[in-house]
There are 2 protein chains.
Amino acid sequence: MSSVCLSMEGGAAASTPAALPYYVAFSQLLGLTLVAMTGAWLGLYRGGIAWESDLQFNAHPLCMVIGLVFLQGDALLVYRVFRNEAKRTTKVLHGLLHVFALVIALVGLVAVFDYHRKKGYTDLYSLHSWCGILVFVLYLVQWLAGFSFFLFPGAPFSLRSRYRPQHIFFGATIFLLSVGTALLGLKEALLFNLGDKYSAFEPEGVLANVLGLLLACFGGAVLYILTRADWKRPSQAEEQALSMDFKTLTEGDSPGSQ
Amino acid sequence: MSSVCLSMEGGAAASTPAALPYYVAFSQLLGLTLVAMTGAWLGLYRGGIAWESDLQFNAHPLCMVIGLVFLQGDALLVYRVFRNEAKRTTKVLHGLLHVFALVIALVGLVAVFDYHRKKGYTDLYSLHSWCGILVFVLYLVQWLAGFSFFLFPGAPFSLRSRYRPQHIFFGATIFLLSVGTALLGLKEALLFNLGDKYSAFEPEGVLANVLGLLLACFGGAVLYILTRADWKRPSQAEEQALSMDFKTLTEGDSPGSQ
């Protein structure tokens, strides 16, 4: 019942699928528009951002969109974009982008808890906050597990092979949950701030709705690039050979037995 | 650069991966709990459901959770669960589940528009409604495209092969967007109905938050079963041969050239 994917390129050329750069460029355009529009929303309608005032809250959505949406999404795309670089370089870049995302998200988290404390607001009662804490904990665990298995030199190859599909699935899931949590937060902010004016198609409401759709589109674009089978990173010759040996050892199939 | 997945089973046995039934059972438990909990929320805290009164609104969340979350999710799993049945039977079941989902969602849609009309509320101003309309239109288009390509007998095999990965990607994306839209709707209902009581950890708020997490978990469980590479439906011998011929014709590779 086992199946194995064999690459037909014969380990030869380093090339990039023709359409990939356009899709990546489109995703980056979406991502940057997303960040710019979040800034525009906070600047135009929410008074801008400052740490030592009521505007501290506004650091929360901006940090979360930059860290847990844009940078996290881009970290997932690293293996597609730098498909012909050395695996180790790509890995380090993937890990680094996730560190940046984590640190920026942490600043965003501190901003909202600090703001709540100063204002005397209750913490962690809403669905947005429950999803947010879940995302943050999963993201931290995923980063630590990823580091231990793939960057720390001690992990045996067999363990890496076994963990890799789980890492990819949970990575995509945590990213999608981040996008969903951002949508919940945006919705919460709109209902708190606009109230009845939301249903009068106030410019802020329309802008924020478009921002929400862009968030969903960015999530979809990253997912598309990530899951397209023929855009996956070609495995290097030696990795492939090791992987085949591993399959042979664990499943008793001979790599040549089709 | 092309790669092709060869099954090692030699077209022999019809078998099911050992862990698959447990994961499917878990997803169904989650899905049924989801529907029951939506009913409990509406029954206990929102006065129940009736068509000819203010309770008409409550038909909306129940129909959407049953149709666009539970049934749509199950329709995606059909090819994993009935992996050893004839392809045609599985296809018809997949299409039928999606028809049920579509009809139930349509009732849910009529419920909310009818309720808004009677109450004189504005339509389609919120992010939830924008996402909802997007989901519904995409779902309808996907159903029509799926029917034309895969159930209607006229579509040539080459076109089916080309469209299949797009159908799978958009199917999963529409399902995830449905789950996200449900979360937005739940959040909207909570903020409208509970207001300040939400932050006092009222039982309704806690129940609805748990319902939200269950929605996200059901989405994650369906995605996991759907994307696990070794759980994909084994292609039948004759389909595989045709698929290989098609690959050979379009990409100039010989199926035997590893």
Side-chain angles (χ1 to χ4, degrees), chain A residues 1-10 13 15-17 121-122 125-131 134 165 168-169 172-173 176-177 179-181 183-184 186-188 190-192 198-201 205-206 208-213 216 219-220 223-224 227-230 232 234 251 253 256-258, chain B residues 1-10 13 15-17 121-122 125-131 134 165 168-169 172-173 176-177 179-181 183-184 186-188 190-192 198-201 205-206 208-213 216 219-220 223-224 227-230 232 234 251 253 256-258:
Chain A
M1 280 307 99
S2 69
S3 67
V4 57
C5 284
L6 300 178
S7 173
M8 277 185 169
E9 84 220 69
S15 90
T16 301
Y121 291 163
T122 316
Y125 66 86
S126 77
L127 182 56
H128 167 68
S129 64
W130 289 25
C131 288
L134 182 68
I168 295 171
F169 172 77
T173 304
L176 292 172
L177 195 56
V179 172
T181 306
L183 288 175
L184 284 175
L186 185 64
K187 180 98 204 183
E188 195 171 89
L190 283 173
L191 290 177
F192 281 155
Y198 192 16
S199 63
F201 293 94
V206 175
N209 284 359
V210 174
L211 178 57
L213 289 183
L223 198 66
Y224 185 81
T227 55
R228 218 174 119 158
D230 53 340
K232 293 217 193 306
E251 295 174 1
D253 283 330
S257 71
Q258 286 106 34
Chain B
M1 279 307 98
S2 70
S3 67
V4 56
C5 284
L6 300 179
S7 172
M8 276 184 169
E9 83 220 71
S15 91
T16 300
Y121 292 163
T122 316
Y125 66 86
S126 75
L127 181 56
H128 166 69
S129 63
W130 288 25
C131 288
L134 182 67
I168 295 172
F169 173 77
T173 304
L176 292 173
L177 195 56
V179 172
T181 306
L183 288 176
L184 285 176
L186 185 65
K187 180 97 204 185
E188 195 171 271
L190 284 173
L191 290 177
F192 281 156
Y198 193 16
S199 64
F201 294 94
V206 175
N209 283 0
V210 174
L211 177 58
L213 290 183
L223 198 67
Y224 185 81
T227 54
R228 216 172 120 160
D230 52 341
K232 294 217 190 308
E251 295 175 1
D253 284 327
S257 72
Q258 287 106 34

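Only this structure's heavy atoms are used, side chains among them; waters, hydrogens and symmetry mates stay out. Order of the sequence lines fixes the chain letters, A, B, ..., with proteins taken first and strands second; residue numbering starts at 1 for each chain.
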Quick one: does [X]'s side chain get under 4.5 Å of [Y]'s, heavy atoms only?
X	Y	answer
B/Ser126	A/Tyr198	yes
A/Leu176	B/Leu176	yes
B/Tyr125	A/Val206	no

Taking side chain as everything from C-beta outward and backbone as N, CA, C, O, which of these in B/Leu190 sits under 4.5 Å from a heavy atom of chain A? Side chain, backbone, both or neither.
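For B/Leu190, no heavy atom lies under 4.5 Å from chain A.
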Select one option (side chain, backbone, both, neither) describing which atoms of B/Leu213 are under 4.5 Å from chain A's heavy atoms.
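Both backbone and side chain of B/Leu213 come within 4.5 Å of chain A.
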Test your reading of the model: is there a side-chain donor-acceptor pair from B/Asn209 to the backbone of A/Trp130, 3.5 Å cut-off?
no
A/Thr173 and B/Leu223: which non-hydrogen atoms are nearest, and at how many Å?
OG1-CD2, 4.2 Å
What part of [X] gets closer than 4.5 Å to chain B, counting heavy atoms only: side chain, backbone, both or neither?
X	value
A/Val210	both
A/Leu191	side chain
A/Phe192	side chain
A/Thr227	side chain

Listed by chain and number, what are the side-chain hydrogen bond (donor to acceptor under 3.5 Å, both in side chains) partners of A/Tyr224, not counting sequence neighbours?
A/Arg228, B/Gln166
In chain order, what residues pass the side chain to side chain contact (heavy atoms under 4.5 Å, CB included) check against B/Ile168, with sequence neighbours excluded?
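Only B/Arg164 meet the side chain to side chain contact (heavy atoms under 4.5 Å, CB included) criterion with B/Ile168.
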Working to the nearest 0.5 Å, report the span between CG of B/Leu211 and CG of A/Leu127.
8.5 Å
Reported NE2-to-NZ distance for the pair A/His128 and B/Lys187, which is rounded to 0.5 angstrom
6.5 Å
